Q: 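Next up is a structure, given as structure tokens.
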Amino acid sequence: MEEIEKKKVKIPSLVTVKKFAEILGLGISDVIKELMKNKILATINDEIDFETAGIIAEDLGFIAQEDIEAAETGAMTLEKLDEILRKEREASPNEAGLKHRPPVVTILGHVDHGKTTLLDAIRKTSVVEKEAGGITQHISAYQVKKKGEIITFVDTPGHEAFSAMRERGVTLADIAILVVAADDGVRPQTEEVINYLKEKKIPMVVAINKIDKPNANIQRVKQELADREIVIEDWGGNVVAAEISAKQNIGIDELLDMILLVAEVENLRADFKRLPLGVVIESHLDPKKGNIATVLVRTGTLKEGQDILAGSIFGRVRRLEDFKERQVKEAGPSMPVTVIGLSQAPNVNDVLQGVANLKSAKASQKEMRTSGFEGVKKFDSQQLAKSIEDQNIKKLNLILKTDVQGSLEALDQILDAIKSDEVGISYIRQGVGDITETDVKLAHTSSAAIFGFNSVPTTVAKRLAEMSNVEIKSYKVIYELVEEIKKRLEAMLGEEIIRTNLGKLKVLAIFMTGKKDMIVGGKVVSGKMRNGENVEVMREEKIIGRGKLFNLQQNKINVDEVKDGNECGITFEGETKIKEGDTLICFHEEIVKKTL
Ligand SMILES: Nc1nc2c(ncn2[C@@H]2O[C@H](COP(=O)(O)OP(=O)(O)OP(=O)(O)O)[C@@H](O)[C@H]2O)c(=O)[nH]1
Ligand SMILES: [Mg+2]
């Protein structure tokens, strides 16, 4: 019998039902029917993910393949890139091929000290007003022209949650602007940033901001900086500082002049003609444009049509856009650019490199993989110990989806910092992009909740979640998401008893001994006795029993409390037989819910 050969189809990671039907060459209603057989209710414009589409395609007699071209190892590392940049910087001024390049200036500082407002003032935009929760939650890069010179600015978040992004901002910087609000002074994230800058030896310009505020205290800021070995010029040091108001546009020109001066001293140059090297500062899957990476080109020139490798992901530049989303044909050193055409969203901090010959680059990676050069999992005893320990922990099952890699990294870091011996998070899945029906199915089978940060469910996923009772929560502000997860973890914690010692009583006389109670008299020797509280009986420094205290009387009158130095009578309720000379310890116990 003649065997019918199955047709191979390539399906994108996320595809509309319409497009999917086109790929298969089938009618839309046939595809929808097949989806329904699999309990997926989707209409023509709904998107489904590859995991669903792949199953449907196979059911319909196709061989499905996800439309990605990914390898597993990367070639260029950040360290190697640093080394190349250093060489370019240190090369003799006449070295052939090297040309002046714009400085990359990273704006850093504590939350709300005015970094984004400063950039708005420089660029005459109003980004700040559009930020969710009034804080910056992404790293972003822009270019402006000043006195004929182009400057690249990188804005970073100041909220403590984003230390990884700040650190990344520092690694990109040729020069840093340290923003310190004059009404607030040096704060924890100011200090964190100072440490990064010192470690990486990045030259800095200090911007003392908000000088328009009535409670601004510029001298205090300078003092606090001097305490951390950042001595401003007019205090006899070598750090330049501008006193500015980002909001009222005061001192901005002076600040920019200072930056241009520092840049001149730095003598930044690059080889514009070499194969491009850049750093991925953000990446995500755009529903319209596909996989997108925001890249800061460090050296060389990235051009349309160029074969590229980012981390381990291959592709070809299909389209380049500048930070204003205008199409550009090429991007030279220090230019932030959006790269469209990668087969997957790369990781932040991956180096994007131009490759001369995609075929041979792929082949050499394949070789590395098959020869076991990388990716060999080593046995890790610590890891094992941890996983055994983890088994006693109550787990919150979670699927976490974010808009971009940077947020996933930030969230991972913050949530990882929540430490408890009793509870923890078990990630069923973490990823970038929309919440899809596969996420919902996974959540359903593993009793997980789905949390999205700037990520919302597709229509199909939403419907499926409603049918299968899966919870989806989407957030726009990172710490609101973190708070909710903390709340849930805390709800899983047990209770604990908090004991407060109130005082001690020396027993002087026994007045009556009953079956379950005794009336005794004594003197409060420390603290106080309180009616209705717990008591422990102590004899010769040992606790021998426990009971309750009632009918507290001072001078035969019932009272609530008797203080140190006074005599009193009590009814002790308990099994222990008290003797003269015993000490009764009165204490309060409270059962409280544990917190993280
Ligand atoms: N009075 C006054 N207010 C300012 C000035 N600069 C910024 N602000 C205000 O300070 C608040 C925080 O400003 P942002 O620019 O969002 O601060 P940020 O440093 O970017 O904050 P994060 O990115 O979240 O760390 C906003 O309400 C601004 O309007 C200034 O020079 N004077
Ligand atoms: Mg900001």
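Please read these numbers as outputs of a predicted model, since none were measured by experiment. Order of listing sets the numbers, starting from 1, for every ligand and every atom in it.
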Q: Under 3.5 Å, which donor-acceptor pairs link side chains of residues 485-492 to any protein atom two or more places apart or in another chain?
A:
residue : atom : partner : partner atom : Å
Arg488  : NE   : Glu484  : OE2          : 2.9
Arg488  : NH1  : Glu471  : OE1          : 2.8
Arg488  : NH2  : Glu471  : OE2          : 2.8
Arg488  : NH2  : Glu484  : OE2          : 3.1
Glu490  : OE2  : Leu596  : N            : 2.8

Q: Are Arg101 and Glu88 ion-paired here, with the side-chain N under 4.0 Å from a carboxylate O?
A: no
Q: Are any N, O or S atoms from Thr116 nearer to the Mg ion (ligand 2) than 2.8 Å?
A: yes
Q: At a 4.0 Å threshold, what atoms of ligand 1 neighbour a non-hydrogen atom of Val111?
A: 24 (O), 25 (O)
Q: Looking at the Mg ion (ligand 2), is one of the N, O or S atoms of Thr136 less than 2.8 Å from it?
A: yes
Q: Polar contacts were defined as any N/O atom of the residue lying under 3.5 Å from an N/O atom of the ligand; does this apply to Thr116 and ligand 1?
A: yes
Q: Please determine whether salt bridge (Lys or Arg N to Asp or Glu O under 4.0 Å) holds for the pair Glu191 and Arg228, giving the CA-CA distance in whole Å, both sets of side-chain angles, and the decisive distance to 0.1 Å.
A: CA-CA 8 Å; Glu191 248 174 300; Arg228 286 150 185 96; 3.3 Å; yes
Q: Write out the residue and atom name of the closest protein heavy atom to atom 3 (N) of ligand 1, then the distance separating them to 0.1 Å.
A: Lys247 CD, 3.4 Å
Q: Is Gly109 in polar range of ligand 1, meaning some N or O pair under 3.5 Å apart?
A: no
Q: Which residue owns the protein heavy atom closest to atom 6 (N) of ligand 1, what's the atom, and how far is it?
A: Asn209 ND2, 3.2 Å
Q: Counting from 1, what ligand 1 atoms have a heavy atom of Asp212 closer than 4.0 Å?
A: 1 (N), 2 (C), 30 (C), 31 (O), 32 (N)
Q: Tell me: protein heavy atom nearest atom 11 (C) of ligand 1, and distance?
A: Lys210 NZ, 4.0 Å
Q: Consider side-chain contact (heavy atoms from CB on, under 4.5 Å). Of Lys210, Glu254, Lys222, which one does Glu243 pass it with?
A: Lys222
Q: Which bit of Val128 gets closer than 4.0 Å to ligand 1, counting heavy atoms only: side chain, backbone, both or neither?
A: side chain
Q: I want to check something: taking the side chain as every heavy atom from C-beta on, are Arg298 and Val104 in contact at a cut-off of under 4.5 Å?
A: yes
Q: Any N/O of Ala246 closer than 3.5 Å to an N/O of ligand 1?
A: yes
Q: State whether Arg187 and Glu160 are salt-bridged, where the test is any N-O pair (Lys NZ or Arg NE/NH1/NH2 against Asp/Glu carboxylate O) under 4.0 Å.
A: no
Q: Would you check, one step at a time, whether the test side chain to side chain donor-acceptor pair (under 3.5 Å) holds for Glu304 with Gln327?
A: CA-CA 10 Å; Glu304 243 182 43; Gln327 184 171 12; 2.9 Å; yes
Q: Considering only the protein, which heavy-atom contact is closest to atom 18 (P) of ligand 1, and what is its distance?
A: Lys115 N, 3.4 Å
Q: Flag the pair Lys401 and Asp434 as a salt bridge only when some basic side-chain nitrogen lies within less than 4.0 angstrom of an acidic carboxylate oxygen.
A: no
Q: Taking the basic N atoms (NZ, or NE/NH1/NH2) and the acidic carboxylate oxygens, is any pair closer than 4.0 Å for Lys146 and Asp257?
A: no
Q: Only heavy atoms count here, so choose which of Ile244, Ile252, Thr136 is nearest to atom 24 (O) of ligand 1.
A: Thr136
Q: Could you list which atoms of ligand 1 come closer than 4.0 Å to a heavy atom of Ile135?
A: 24 (O)
Q: I'd like to know if Glu496 and Lys593 make a salt bridge, using a cut-off of under 4.0 Å between side-chain N and carboxylate O.
A: no
Q: Under 4.0 Å from a heavy atom of Gly158: give me the atoms of ligand 1 that qualify, with their elements.
A: 22 (P), 23 (O), 25 (O)
Q: I need the single residue from Val179, Ile177, Asn209 that forms a side-chain contact (heavy atoms from CB on, under 4.5 Å) with Lys115. Which is it?
A: Val179
Q: What atoms of ligand 1 come within less than 4.0 Å of a heavy atom belonging to Lys213?
A: 1 (N)
Q: Using side-chain heavy atoms (C-beta onward) and a distance below 4.5 Å, is Val440 in contact with Ile450?
A: yes
Q: Which protein heavy atom lies closest to atom 17 (O) of ligand 1, and at what distance to 0.1 Å?
A: Gly114 N, 3.1 Å
Q: Starting from atom 14 (P) of ligand 1, locate the nearest protein heavy atom and write down its residue, its atom name and how far away it is, to 0.1 Å.
A: Thr117 OG1, 3.4 Å
Q: Could you list the atoms of ligand 1 found under 4.0 angstrom from a heavy atom of His113?
A: 17 (O), 19 (O)
Q: Is atom 22 (P) of ligand 1 touching the protein, meaning some protein heavy atom lies under 4.0 Å away?
A: yes
